[in-house]
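The structure appears below as structure tokens.
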Amino acid sequence: MANKQHKGHRPIHSPEKGELAMIEGILEGSPDAVGVAVIRLDCGCRKMAAVDKNGDPASKVIMYRDNAESICPLCQQDNGDYMRVVKQFISWKSPEPDTATQAMISSKVLGSEQ
Ligand SMILES: [Zn+2]
């Protein structure tokens with residue numbers, strides 16, 4: 001198992017601990033997934049969804065909040081509105097897809113190349 005985490009020239013977005021646990025759970029439940037889109041909202045809640053190699057959803061969108069039973073009242077109202085997104089990235093499953101595929105999926109899922 002080679003660790004390629006620190007190679008490459010794109011910025012490394014590292015998921016936080018709580019996110020990592022969620023990502024692993026989502027990947028386990030989504031055999032077609034090549035990664036998980038992580039969307040952080042300004043309220044501290046997170047939105048996540050697995051994506052497949054074509055950039056299509058490979059799971060339902062999951063919303064959660066660290067150390068909380070449920071997402072915040074605001075998210076329950078607006079369902080994590082796009083306007084409140086503070087950071088979004090894709091956490092790739094190992095082995096990561098090639099850069100061209102990553103760029104294609106990122107632009108499809110996140111709306112721009114990350
Ligand atoms: Zn929230």
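Positions are given from 1, in the same order as the sequence printed here. Each ligand, and each atom within it, is numbered from 1 in the order the structure gives. What's counted below: heavy atoms across the whole structure, side chains too, no hydrogens, waters or symmetry copies.
Near-neighbour remark for the Zn ion (ligand 1): protein N, O or S atoms under 2.8 Å are C43 SG, C45 SG, C72 SG, C75 SG; waters not counted.
Note that the CZ atom of R84 and the SG atom of C75 stand 4.0 Å from one another [nearest 0.5 Å].
Minimum heavy-atom separation, D66 to G18: OD1-CA, 3.9 Å. Across every non-hydrogen atom of R46 and G44, the tightest pair is NH1-O, 3.0 Å. Minimum interatomic distance between M63 and L41 (heavy atoms only, all atoms of both residues): CE-CD1, 4.0 Å.
Looking only at distances, no side-chain donor or acceptor of K47 sits under 3.5 Å from a matching main-chain atom of A37.
Hydrophobic clustering of Ile, Leu, Val, Met, Phe, Trp and Tyr side chains at less than 4.5 Å, counting indirect connections, unites I23 with I62.
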